[in-house]
Amino acid sequence: MNKEYEPEWDQPAVRNEDNTLTKAHAVAGVKQIVTIRLDVDMLEWFKSAGPGYQTRINQVLREYMEANRVRAQGEQH
C-alpha cells in the first residue's frame with residue numbers, strides 16, 4: 001500500500017445542510033477509494049519511479065481534467 005496514504009475510515013462522512021453526502025470533488029483534498037483497471041505497462045511505469053505512484057497518477061489525471069475544463073469553458077464563450 002502507498003505509504004503516503006492514511007485512511008480516514010473512522011472519520012464521519014461530510015454532509016451538507018440537506019443531510020446528503022457532498023460530492024468528493026467539491027471538497028478539496030478529499031480522496032475516495034476506487035478500483036480502476038489500468039494497462040500493466042503503464043502501471044509498472046508509474047510504480048518504477050518509487051513510492052507515491054497513486055499520487056502521481058492522480059496528478060496526471062488532475063492536469064488532464066483542468067486542461068479540458070479550460071478548453072470546455074473556452075468553447076462555451
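Just so you know, these numbers use all the heavy atoms, side chains as well, and skip hydrogens, waters and symmetry mates. Position 1 is the first residue of the sequence, and the numbers go up from there.
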**Student:** For Gly50 and Arg56, work out which heavy atoms get closest and say how close.
**Tutor:** O-NH2, 2.6 Å
**Student:** Who pairs with Glu63 by salt bridge (Lys or Arg N to Asp or Glu O under 4.0 Å), at least two apart in sequence or on another chain?
**Tutor:** none
**Student:** Roughly how far apart are Phe46 CZ and Asn58 CG, rounded to 0.5 Å?
**Tutor:** 10.5 Å
**Student:** For Asn68, which residues count as a side-chain hydrogen bond (donor to acceptor under 3.5 Å, both in side chains) partner, sequence neighbours excluded?
**Tutor:** Arg71
**Student:** Suppose we screen for salt bridge (Lys or Arg N to Asp or Glu O under 4.0 Å). Which residues come up paired with Arg37, at least two apart in sequence or across chains?
**Tutor:** none
**Student:** With sequence neighbours left out, what residues match Leu38 under side-chain contact (heavy atoms from CB on, under 4.5 Å)?
**Tutor:** Ile36, Met42, Leu43, Ile57
**Student:** Find out if a path of hydrophobic residues (ILVMFWY) with successive side-chain heavy-atom gaps under 4.5 Å connects Leu61 to Met65.
**Tutor:** no
**Student:** What's the separation between atom CZ in Arg62 and atom CZ in Arg69, rounded to the nearest 0.5 Å?
**Tutor:** 7.5 Å
